[in-house]
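Since the structure comes first, as structure tokens, the remarks are kept for the end.
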Amino acid sequence: MPRGLYVYNSLSRQKEIFEPLNAPFVGMYVCGPTVYGDAHLGHARPAVTFDVIYRYLIHLGYRVRYVRNITDVGHLEHDADEGEDKIGKKAKLEQVEPMEIAQLYTDRYHADMERLNVCKPNIEPRASGHIIEQIEMTQQLIQKGYAYEVNGSVYFDVEKYNQLYRYGILSGRVLDELEAGAGNERRQLKQQTEKKNPHDFALWKKANPEHIMQWQSPWGKGFPGWHIECSAMSAKYLGERFDIHGGGMDLLFPHHECEIAQSNACFGKIPAKYWLHNNMVTINGQKMGKSLGNFITLRQFFSGKHPLLEQPYSPMTIRFFILQSHYRSTLDFSNEALKAASKGYKRLMNGLKYIKSLSFSAPESVSPQEKHLLEIEEAIRQFYQAMNDDFNTAVAIAALFQMLKKINQLFVGQIQPSLLGEDGFNKLKNYFITFTEDILGLLEEKPMYPEKAIQLAVQHYAEAKQAKNYAKVDEIRAHFKEMGLVLRDMKDRIEWAYDEN
RNA sequence: GGUCUUGUGGCCGAGAGGCUAGGCAGAGCUCUGCAAAAGCUUCCACAGCGGUUCGAAUCCGCUCAAGACCUCCA
């Protein structure tokens, strides 16, 4: 299909043609969750975004190795001096093993992602399973003179690195200016650390005796620093240089900046060729995040149990909602927007369900009109063009609705399949299904009753209708409504569909 | 204080110098026991003020507003 995929590279701040280092292979690393709480809408965004990128690359014929990590150690709660990590803190509160917490939330994350129809990554490495790799990388950095040990902790020497390379290449920061505007409080805090320089970041942290998560290292007992896991694990599974590194925009600095510094100092190359960052989900115009406490978990969306939610929103509604905006724009949460997404999604699914049930037939009397074929091909072109333009799913979905229009015209019998011609019909059907299901990952959320039971009820409805027993008819309609379904009386038949309200 | 981004119709959300985005909502028509759905038609825009241009929502400047990062965060 159409070649020429362009992606926005945060490193160059512009769109670049996507050319893998070793086509047809593509290595993609995306920063996954820290598993100490349930995933919220903000976690769904990168998961869905990079899921579609993954699916599209595969669709284009690339052989993708997708690595998404699980952070189950190492992220510090306040600042490095406190030396308490998030997983450990929660575990102490709940009197369980830290790994139990990590396991629990990993499982819950997996379940949530499955409901969102997010593909599993090919490799999902855990930080705790790669302590050795992280220690080795830290040792190498010490050997090369880019890291130093103080009291059982090891820090990356940003000043030293910046002499040869440029710290800030990704985020556009200049080292000398970094500290300039920092408030007094922060400056005082930073001066108390054992770091040579406030910008230096931990590769390895010494653990206090009461600290539960700790491992033996050449520098005593401790745990890995904030950023080293991604450098160590991406290098292990994708090589020292790979194609795509993704994550949320809030990770751009310092996380990804530090990753680049570490990996570059260690291996002499910037780890990824393309750096892709999704924008934030906002709520009342503000970033949805853990620290602000203004987040709504995915489970709360699915159940509707949150004060801000007027109703539950299904996983596919959430997915569709995310895909309706471009991944580099902020996406504002509101009940109105979600409800609109829900309706749009269901309309799309009704079309999908119908076109799947339809096959081409051509009575001799009707001959195809080229106009239809051209319109179908135009929509297909628009879809690819949109996806090739930095994965513009919003425009891609607009193309899908163009195709839906044709499907609905078939549905109400305004046009016949034969009018599209066999080629036109097959293109409409096959591309619509491929685009919707395979690339965008939007699936029907099937009713909880088997198709056969529903067909039986449809029959009863038809009979009541025939007998003009309108009381019965209305009763059956009400039952369908309860199931989230509706009945549609067509001229020549009766169909059931998903209720769009 | 620094770096950066954004401001589009009732709501959400694309686009990016001249050509319909799209979804949801609203109005009308067709269809219908009543519906529902769909189709067709239709209303409603580019924060403000200047400038560049034959032409600006799109480029430049200023003003106002909102937000992100500089600390763990997707």
Side-chain angles (χ1 to χ4, degrees), chain A residues 13 30-34 36-37 39-47 49-50 75-80 85-86 168 171-174 177-183 186 189-190 199 226 246-255 277-282 285-292 295 320-321 324-326 328-345 347-348 350-351 382 386 389 392-402 404-405 407-415 465 468 470 473-474 477 480-481 486-491 495 497 499-501:
Chain A
R13 290 150 198 265
V30 175
C31 290
T34 304
Y36 66 108
H40 58 73
L41 188 56
H43 294 98
R45 174 100 114 142
T49 296
F50 289 101
H75 278 218
L76 303 182
E77 183 68 18
H78 292 299
D79 65 304
D85 91 31
K86 275 184 177 168
S171 57
R173 275 159 227 274
V174 179
E177 292 173 359
L178 262 176
E179 199 67 359
R186 188 183 306 152
L189 267 175
K190 294 219 162 163
H199 317 300
W226 314 358
M249 256 179 200
D250 49 354
L251 297 180
L252 207 136
F253 189 91
H255 184 57
H277 294 95
N278 63 274
N279 214 319
M280 301 294 103
V281 174
T282 58
Q286 249 199 344
K287 175 184 168 182
M288 183 181 284
K290 278 238 162 67
S291 50
L292 288 164
F295 61 91
F320 183 80
F321 175 64
Q324 249 191 328
S325 74
H326 183 83
R328 280 192 295 111
S329 302
T330 55
L331 174 61
D332 197 51
F333 156 85
S334 72
N335 280 285
E336 289 68 31
L338 255 334
K339 281 182 205 164
S342 171
K343 286 197 183 189
Y345 157 70
R347 263 188 77 204
L348 214 52
N350 279 329
Q382 194 194 335
D389 184 13
N392 195 332
T393 53
V395 172
I397 285 174
L400 234 40
F401 275 97
Q402 294 305 315
L404 178 67
K405 213 165 193 174
I407 293 170
N408 283 333
Q409 284 173 349
L410 289 169
F411 178 72
V412 294
Q414 226 168 59
I415 57 172
K465 195 102 203 201
K468 295 195 193 292
Y470 294 123
V473 165
D474 290 342
R477 275 186 190 159
F480 268 74
K481 188 94 182 164
V486 290
L487 284 149
R488 292 181 176 175
D489 297 357
M490 311 307 294
K491 277 201 177 111
E495 301 242 6
D499 185 6
E500 291 166 16
N501 284 301

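Below, chain A is the first sequence line, B the second, and so on; all start at residue 1. Values below: every heavy atom of this structure, side chains too, minus hydrogens, waters and symmetry copies.
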With sugar-phosphate meaning primed atoms plus P, OP1 and OP2, does [X] contact a base, only sugar-phosphate, or nothing at under 4.0 Å between heavy atoms?
{"X": "Ile397(A)", "value": "nothing"}
{"X": "Arg347(A)", "value": "sugar-phosphate"}
{"X": "Glu500(A)", "value": "sugar-phosphate"}
{"X": "Met280(A)", "value": "base"}
{"X": "Asp332(A)", "value": "sugar-phosphate"}
{"X": "Ala337(A)", "value": "sugar-phosphate"}
{"X": "Val473(A)", "value": "base"}
{"X": "Leu400(A)", "value": "nothing"}
{"X": "Gly42(A)", "value": "base"}
{"X": "Phe401(A)", "value": "sugar-phosphate"}
{"X": "Asn408(A)", "value": "sugar-phosphate"}
{"X": "His277(A)", "value": "nothing"}
{"X": "Gln402(A)", "value": "sugar-phosphate"}
{"X": "Thr49(A)", "value": "nothing"}

Choosing from [options], which nucleotide comes nearest the side chain of [X]?
{"X": "Val412(A)", "options": "A21(B), A68(B), A38(B)", "answer": "A38(B)"}
{"X": "Ala398(A)", "options": "G22(B), A37(B), A74(B)", "answer": "G22(B)"}
{"X": "Leu331(A)", "options": "G13(B), A74(B), G67(B)", "answer": "G13(B)"}
{"X": "Phe253(A)", "options": "C69(B), C24(B), G22(B)", "answer": "C69(B)"}
{"X": "Lys343(A)", "options": "A25(B), A16(B), G22(B)", "answer": "A25(B)"}
{"X": "Ala340(A)", "options": "C24(B), A14(B), C12(B)", "answer": "C24(B)"}

Pairwise distance [atom1]([X]) to [atom2]([Y]) - rounded to 0.5 angstrom:
{"X": "Asn350(A)", "Y": "Arg347(A)", "atom1": "CG", "atom2": "CZ", "answer": "9.5 Å"}
{"X": "Gln409(A)", "Y": "Leu404(A)", "atom1": "CD", "atom2": "CG", "answer": "10.0 Å"}
{"X": "Asp499(A)", "Y": "Lys343(A)", "atom1": "CG", "atom2": "NZ", "answer": "9.0 Å"}

State whether [X] places a side-chain N or O below 4.0 Å from either non-bridging phosphate oxygen (OP1 or OP2) of [N].
{"X": "Lys287(A)", "N": "C69(B)", "result": "yes"}
{"X": "Gln414(A)", "N": "C31(B)", "result": "no"}
{"X": "Asn392(A)", "N": "G15(B)", "result": "yes"}
{"X": "Lys405(A)", "N": "A38(B)", "result": "no"}
{"X": "Thr330(A)", "N": "U5(B)", "result": "no"}
{"X": "Arg13(A)", "N": "C4(B)", "result": "no"}

Q.
Students often mix this up, so state it plainly: with edges at 30° and 60°, are the rings of Phe320(A) and Tyr345(A) parallel, tilted or perpendicular?
A.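 Aromatic pair Phe320(A)/Tyr345(A) classed tilted.
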If we only count heavy atoms from C-beta on, is the [X] to [Y] side-chain gap below 4.5 Å?
{"X": "His40(A)", "Y": "Val281(A)", "result": "no"}
{"X": "Glu500(A)", "Y": "Val486(A)", "result": "no"}
{"X": "His43(A)", "Y": "Phe295(A)", "result": "no"}
{"X": "Asn279(A)", "Y": "Arg45(A)", "result": "yes"}

State the pairing partner of [N]; accept Watson-Crick or G-U wobble contacts with both distances under 3.5 Å, and report none otherwise.
{"N": "G67(B)", "value": "C4(B)"}
{"N": "C62(B)", "value": "G48(B)"}
{"N": "C24(B)", "value": "G10(B)"}
{"N": "C19(B)", "value": "none"}
{"N": "A57(B)", "value": "none"}
{"N": "A35(B)", "value": "none"}

Expressed as a whole number of angstroms, how long is the span from [X]:[atom1] to [N]:[atom2]?
{"X": "Gln324(A)", "N": "A25(B)", "atom1": "CD", "atom2": "P", "result": "12 Å"}
{"X": "Lys339(A)", "N": "G13(B)", "atom1": "NZ", "atom2": "P", "result": "16 Å"}
{"X": "His199(A)", "N": "C70(B)", "atom1": "NE2", "atom2": "C1'", "result": "11 Å"}
{"X": "Leu252(A)", "N": "A68(B)", "atom1": "CG", "atom2": "C1'", "result": "11 Å"}
{"X": "Leu404(A)", "N": "A37(B)", "atom1": "CG", "atom2": "C1'", "result": "12 Å"}
{"X": "Arg477(A)", "N": "U32(B)", "atom1": "CZ", "atom2": "P", "result": "14 Å"}
{"X": "Lys290(A)", "N": "C73(B)", "atom1": "NZ", "atom2": "P", "result": "10 Å"}
{"X": "Phe480(A)", "N": "A35(B)", "atom1": "CZ", "atom2": "C1'", "result": "15 Å"}

- Minimum heavy-atom separation for Leu331(A) to Ser325(A), with atom names?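 Of all heavy-atom pairs spanning Leu331(A) and Ser325(A), the closest is CD1-OG, 3.7 Å.
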Atom of His326(A), atom of Asp389(A) and distance for their closest heavy-atom approach =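 Between these two residues, the closest heavy atoms are CE1-O, 4.4 Å.
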Please give the distance between the [atom1] atoms of [N] and [M] as a whole number of Å.
{"N": "A38(B)", "M": "G23(B)", "atom1": "P", "answer": "11 Å"}
{"N": "U5(B)", "M": "C43(B)", "atom1": "C1'", "answer": "33 Å"}
{"N": "U20(B)", "M": "A57(B)", "atom1": "P", "answer": "15 Å"}
{"N": "A68(B)", "M": "A36(B)", "atom1": "C1'", "answer": "45 Å"}

| said: Does Arg328(A) contact G13(B) through a side-chain donor or acceptor facing the base, at a distance under 3.5 Å? | reply: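 In this structure, the two groups form no donor-acceptor pair.
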Quiz prompt | Base of C4(B) paired with side chain of Arg173(A) (donor-acceptor, under 3.5 Å) | solution =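 No such pair is found, so the answer is no.
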task: Specify the residue among Lys465(A) and Asp250(A) whose closest nucleotide of RNA chain B lies further upstream toward the 5′ end.
output: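 It is Lys465(A) whose nearest nucleotide is closer to the 5' end.
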Whichever of Met490(A) and Phe333(A) has the more 5' nearest nucleotide on RNA chain B, that residue is Phe333(A)
